[in-house]
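The next block holds one structure in the form of structure tokens; read it before the comments.
Since the structure is predicted, the reported quantities are computational estimates derived from the model, not experimental observations.
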Amino acid sequence: MTDRGSIIKIGENDYELILTTRATKEIAKRYGGLENLGDRLMKSENFEMALDEIIWLITLLANQSVMIYNLKNPNSKKPLLCEDEVELLTSPFDLAEYKNAIMDSMHKGTKRNIESESDSKNTKVG
């Protein structure tokens, strides 16, 4: 596991939700960009549609850590998680709890380390 994401438990397995460039591209295809994701989830026409969107997002983000593992370990690949598994191995309460993990992984995936200009300048007063 890395500091790039947040850990959730689905069934008996831990998954790290990671926002990668690949996941960002998939989100952009589906929602038009990360900035539209929150609006889309909140404005889903009904409860079933909202659950479908959350399940899709959890599956997408959880599979990023599986794909990274598989890339680094080609001789011991793990199977990808599918939406049916997420539906069967979670409860609506779990999905609500995962919201914080989703938001945390999105934040970690989009944060930028910015060095202050004043920290890098040597100014002499005098």
Please list, chain by chain and in numerical order, all residues satisfying side chain to side chain donor-acceptor pair (under 3.5 Å) with [X], sequence neighbours excluded.
X     : value
Lys25 : none
Thr20 : Gln64
Glu85 : none
Thr21 : none

Flag side-chain contact, heavy atom, 4.5 Å: Ile27 against Leu19 = yes
4.5 Å side-chain heavy-atom contact, Val66 and Tyr15 = yes
Yes or no on side-chain contact (heavy atoms from CB on, under 4.5 Å) for Ile58 and Ile10, after CA distance, side-chain angles and deciding distance?
-> CA-CA 10 Å; Ile58 289 168; Ile10 299 175; 4.0 Å; yes
Not counting sequence neighbours, list each pair that qualifies as a ring-ring contact (aromatic ring centres under 6.0 Å, His included) and has a residue in residues 56-88.
-> Tyr31-Trp56
Between the CG atom in Asn73 and the CD1 atom in Ile68, the distance rounded to the nearest 0.5 Å is 11.5 Å
Just how far is it from atom OG of Ser65 to atom CG of Asp14, taken to the nearest 0.5 Å?
-> 10.0 Å
Considering non-hydrogen atoms only, spot the tightest contact between Ala23 and Leu60 and give its length.
-> O-CD2, 3.8 Å
Ignoring hydrogens and angles, write down the donor-acceptor pairs under 3.5 Å from the side chains of residues 91-107, residues two or more places apart or on other chains.
residue	atom	partner	partner atom	Å
Ser91	OG	Phe93	N	3.3
Ser91	OG	Asp94	N	3.1
Ser91	OG	Asp94	OD2	3.4
Asp94	OD2	Ser91	N	2.9
Tyr98	OH	Lys9	O	2.4
Asp104	OD2	Ser6	OG	2.4
Asp104	OD2	Lys108	NZ	3.3
Ser105	OG	Ala101	O	3.3
Ser105	OG	Ile102	O	2.9

Asn63/Arg22 under side-chain contact (heavy atoms from CB on, under 4.5 Å): CA gap, chis, key distance, verdict | CA-CA 11 Å; Asn63 276 334; Arg22 178 176 283 180; over 6 Å; no
Charged N to carboxylate O under 4.0 angstrom, Arg4 versus Glu16?
-> no
